[in-house]
Amino acid sequence: MKPENEAIEVTGARVHNLKNINISIPKNELVVITGISGSGKSSLAFDTIYSEGQRRYMETFGAYARQFIGNMERPDVDQITGLSPVISIEQKTTNKNPRSTVGTITEVYDFFRLLFARVGEAYSYNTGKKMVKWSEEEIVENIFERFKNKKINLLAPLVRGRKGHYRELFEDVRKKGYVKVRVDGEIKDIVAKMQVDRYKIHDIELVVDRLEVNQASKARLSQSVQETLRLGKELLFLLENGAEQPVQYSKQLMCEDTGISYEEPSPNSFSFNSPYGACPYCKGIGTAYAIDMEAVLPDRKLSISDGAIAPLGEERNASVFQQVSGFAKKHKINLAKPLETLPEEQLNLLLYGDGEAVRSLELDGSDDSVPDLYTGSYEGIIPMLKRWFFSTQTTEWLREWVEQFMVLKSCPSCNGDRLKKESLWFKIDEKNIAELSSLNLDKLGVWLQGIEKRLSKKQNAIAKDILKEIRERLQFLLDVGLTYLTLYRPSRTLSGGESQRIRLATQIGSQLQGITYILDEPSIGLHQRDNHRLIQSLQNLRDIGNSVLVVEHDKDIMLAADYLIDIGPKAGFHGGKVVAQGTPKELLKLDTITSGYLNGHLKIEVPAARRKGNGKVLELKGASGNNLKDVTVKFPLGKMIVVTGVSGSGKSTLINDTLYPLLSNHSFPASKMQAMPYKSIKGLEHIDKVVEIDQSPIGRTPRSNPATYCGFFTDIRTLFAAVPEAKIRGYNAGRFSFNVKTGRCPVCEGGGMRVIEMNFLPDVYVPCEKCNGKRYNRETLEIRYKGKSISDVLDMTVDDAVEFFQAVPSIYRKIKTLQDVGLGYITLGQSAVTLSGGEAQRVKLSTELSKKDTGKTFYILDEPTTGLHFEDIKHLLLVLNKLVDRGNTVLVIEHNMDVIKVADHIIDLGPEGGDGGGRILFEGTPEALVKCKESYTGVYLKEEL
């Protein structure tokens, strides 16, 4: 056993399924905790070590502060010593807010805002010319050089392009001693009661001084320039004698040709989360709702009376339709004619009104911009929908109804750049901040190389420290394999693995020492090619003096670790023990399931023959969402298809954002999902259902469990209600639900646990004293089937339940599928929140397996191997193969070589991520893929086949 300062000693850990384990974890090393899904890895790493570290930190606050911070439950462990401060980097997506981007969460964008505010050069959005800003000294020097020995007039602009008589203005300057003024280009003497035509637009400049520019007048020139700038509000006009147009000088950024001036830039001027920088139309979101004409006019062959205008519906006795009928009669529009035969002018009148109503079509999406437009005349369908959608008075259900006729599009004002036009005309090296934020991070890194050579000496002096910070943070992101992201990428679109690696990069950048970092599968979503980058980053975190604990199943990361801990031997009740621990070399010599897969004694076999499929094909043409390059791809049906490629190559865009919405809208027309741009899709008639199976929880509350999710708990309750004793008492199936008052325990309300509030101490969960954790009242528990109460059944493992319900086919079949997917160890009533992602996914798979299908179902799984051990992947593949053997199509997005090698058909995208990807490199069998020279996947697959 290592001394306390060299190891984290865990004694008597019993959280969840841990079997009172004692373990010594070396500090300041890269430690990988592995084992079968559900064996207790996360229970040890997160629910024991991290929870205790977090609790100890909270204990440092006073009792008064703790009641506001929240309570931390003490993990069920005897003792943990040698624990340094802990930071958890988990798989959750960072932020669901549409304003949160990769740039904002990494703070790289904040440094770019500062860079543009301090060294950005302004250009006129009218002429594209560079804007000029002068200091008083520079103005005097320029006048002296440019107009030497010439007679000039210094003018202070007082009125620019405005109507009025300005009698008071003339009187005011006359009293101050000024004698001349330039009105609309003509210099005049100021006289008493002077005024101009109040209904005309005027330009008025005050003549502050008239002088000849020479050495003798230099002091006078300097004073006059200062006074003119003060009166003209930092703007000065110089008119040479005999010239028609004056020369402009401004202390503000100003276009000399058009007179447009910009405010002095600040970091807020480049923030899309600030009113000073955000595009006024989309409020900095980059997207705005617009009317979807396809949804408004779904079928032009119908007449308006038959429902050709979807928001209007079919002809009926409603006020809106009566209004339309009256308007149509007035303009002689035939509502019974097919829409396609109506003249364009008549259709536009119906859609947009006749202009008699007070209409505001240029809506900016803000609540206050839309008044109540109805004035008794015909408003038009489109303005009416906009009014209902944007008005603050609109009820939620009405807004949701209108939303089906709206589509989220790139903002028409900023084209998705999020910023107002003035901010977008500040540039560095001919690029504005939005252009840089839209570059892939690796391309942004290239742009930053040698940027100093392209900046002036003054700019370099200001930008030196800012560029250093940007480069450091950017390099950390590149080091963890996120080369294909952009700073403008919304954080809500990131996968769990991507957001985790961003936080990892942030932590490396913080350069903290003496910390215990706990990571949950950082390799998720990372192609084998980029694994070495992640490993290097984890080792860097260790090398600066931290302990790094990683819950991981990836072979490369396991072999690169300093120390391995294998939890098992099986899952759930059969796990929770330390099976093996030591260096990777030591574990390779042992005989455990993990060691077997690492040393090659155990492996997932390649199938002897690939399936031929059913001969039918789904063909998607011209997919061009995000980085896809007008992709055309064929999906052969009746096969297991694997879509692969490096991270960011376009897999999710092609499948999740394009194909899945199309299939969903075909199978469930009410879903109204929006697909990324594409040209056409063929073969939808060969599919009757699409099912997406992800790793999201099967329920968000402790009351949800596998029995309720899979649907057989209803059958079990019906079975108990059919017991003679239950019939005599008049109990129905509802009596045996722990969510119904009649049968559940009145004290814990069917929860089985009672929460004891401890004020400023953590809440304590204790078994209910009334039902002893059985959830039901005494009368309900007296009803027994084969000697077991309903509570006893919920406490059974799946393995036990399969045996118990063998004589009841409807229940047996559904529970047996849970056993078939390798979940024999979980209990029927196990809380959904305690299931791992892999377990939740397999519960969903078992539910699909237990259904009677038509053989025309299309299953989509996005990285199903997340959280799964090699042995679990073996079980998963057996289940997926069963689905395919029934004639269905299973499509898997995956980087795991064990899944790729057993596929019938592979679609490989790439070759790189981001702009360097988005092409189909290969379509065909795994054996043929290894011959594709352009594919990185083929290189790693060659070692497996």
Side-chain angles (χ1 to χ4, degrees), residues 37-38 571-573 689-722 733-734 736-740 743 750-752 775-776 785-786 788-854 857 859-861 864 867-868 872 875-876 878-883 886 888 890:
S37 176
F573 177 76
K689 189 168 66 164
V690 61
V691 178
E692 188 179 37
I693 303 171
D694 58 17
Q695 293 206 351
S696 59
I698 60 171
R700 304 245 173 229
T701 67
R703 287 178 180 272
S704 180
N705 57 51
T708 55
Y709 184 85
C710 294
F712 56 77
F713 191 48
T714 305
D715 297 329
I716 292 173
R717 291 190 287 112
T718 306
L719 186 68
F720 270 84
F736 299 95
S737 169
F738 48 78
N739 293 322
V740 176
R775 299 178 173 223
Y776 295 92
Y785 172 77
K786 287 191 184 178
K788 301 281 185 185
S789 70
I790 188 79
S791 179
D792 296 332
V793 169
L794 285 172
D795 289 338
M796 282 181 184
T797 64
V798 168
D799 287 337
D800 294 337
V802 165
E803 217 173 293
F804 186 74
F805 288 108
Q806 204 157 8
V808 189
S810 61
I811 300 173
Y812 171 80
R813 185 167 50 84
K814 291 176 181 175
I815 300 178
K816 184 74 173 81
T817 54
L818 275 174
Q819 189 184 45
D820 292 343
V821 297
L823 294 176
Y825 58 89
I826 65 172
T827 62
L828 301 187
Q830 184 171 334
S831 172
V833 295
T834 65
L835 295 174
S836 69
E839 287 169 336
Q841 188 175 44
R842 281 184 285 165
V843 168
K844 292 175 185 177
L845 273 169
S846 76
T847 309
E848 288 304 322
L849 269 175
S850 65
K851 290 177 183 174
K852 290 178 181 176
D853 57 52
T854 59
T857 306
Y859 294 95
I860 295 176
L861 294 91
L868 298 190
D872 300 313
H875 279 297
L876 174 72
L878 285 171
V879 178
L880 297 181
N881 280 318
K882 277 185 182 177
L883 289 171
R886 292 182 184 180
N888 302 301
V890 172

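Residues take their numbers from the sequence shown, with the count starting at 1. Only heavy atoms go into these numbers, but all of them, side chains included; no hydrogens, no water, no symmetry mates.
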* Asked: Can you list the steps and then say if Leu878 with Lys882 is a side-chain contact (heavy atoms from CB on, under 4.5 Å)?
  -> CA-CA 6 Å; Leu878 285 171; Lys882 277 185 182 177; 5.8 Å; no
For the residue pair [X] and [Y], what are the closest heavy atoms and their distance?
X      : Y      : answer
Thr714 : Thr718 : O-OG1, 2.8 Å
Ser846 : Cys710 : OG-SG, 4.0 Å
Ala840 : Ile698 : O-CG2, 3.7 Å
Leu828 : Pro706 : O-CD, 3.6 Å
Ala721 : Ala733 : CB-N, 3.6 Å
Ile815 : Val798 : O-CG1, 3.7 Å

Would you indicate whether the side-chain heavy atoms of [Y] and [X] approach each other to under 4.5 Å?
X      : Y      : answer
Phe736 : Ile716 : no
Leu818 : Val843 : yes
Phe712 : Val808 : no
Met796 : Asp792 : no
Leu845 : Leu880 : yes
Tyr825 : Thr797 : no
His875 : Val821 : no
Phe805 : Val793 : yes

* To do: Check step by step if side-chain contact (heavy atoms from CB on, under 4.5 Å) holds for Phe713 and Ile790.
  => CA-CA 10 Å; Phe713 191 48; Ile790 188 79; 3.9 Å; yes
* How long is the span from the CG atom in Leu719 to the CD1 atom in Ile811, to the nearest 0.5 Å? -> 5.0 Å
* Going from CZ on Arg886 to CG on Asn881, what distance comes out if it is rounded to the nearest 0.5 angstrom? ->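 One finds 12.5 Å between CZ of Arg886 and CG of Asn881.
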* For Lys788, does the NZ atom have more than 12 heavy-atom neighbours from other residues, nucleotides or ligands under 6.0 Å away? -> no
* Return yes when atom CZ of Phe573 has more than 12 non-hydrogen atoms of other residues, nucleotides or ligands closer than 6.0 Å, and no otherwise. =>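 Atom CZ in Phe573 is not crowded, with 12 or fewer foreign heavy atoms closer than 6.0 Å.
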* To do: Check whether the side chains of Thr708 and Asn705 place a donor and an acceptor atom closer than 3.5 Å, and report yes or no.
  => yes
* To do: Could you tell me whether a side-chain N or O of Arg775 sits under 3.5 Å from a main-chain N or O of Phe738, the two making a donor and an acceptor?
  =>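 Not a single qualifying donor-acceptor pair exists.
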* Asked: Is a donor on one side and an acceptor on the other found under 3.5 Å between the side chain of Ser737 and the backbone of Gly734?
  ->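 Flag not set: sc Ser737 to bb Gly734 has no pair under 3.5 Å.
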* Would you sort out whether Thr857 and Asn888 count as a side-chain contact (heavy atoms from CB on, under 4.5 Å), showing the intermediate values? => CA-CA 5 Å; Thr857 306; Asn888 302 301; 3.4 Å; yes
* Asked: Given Arg842, which of Ile693, Leu823, Val879, Thr817 fulfils the side-chain contact (heavy atoms from CB on, under 4.5 Å) condition?
  -> Leu823
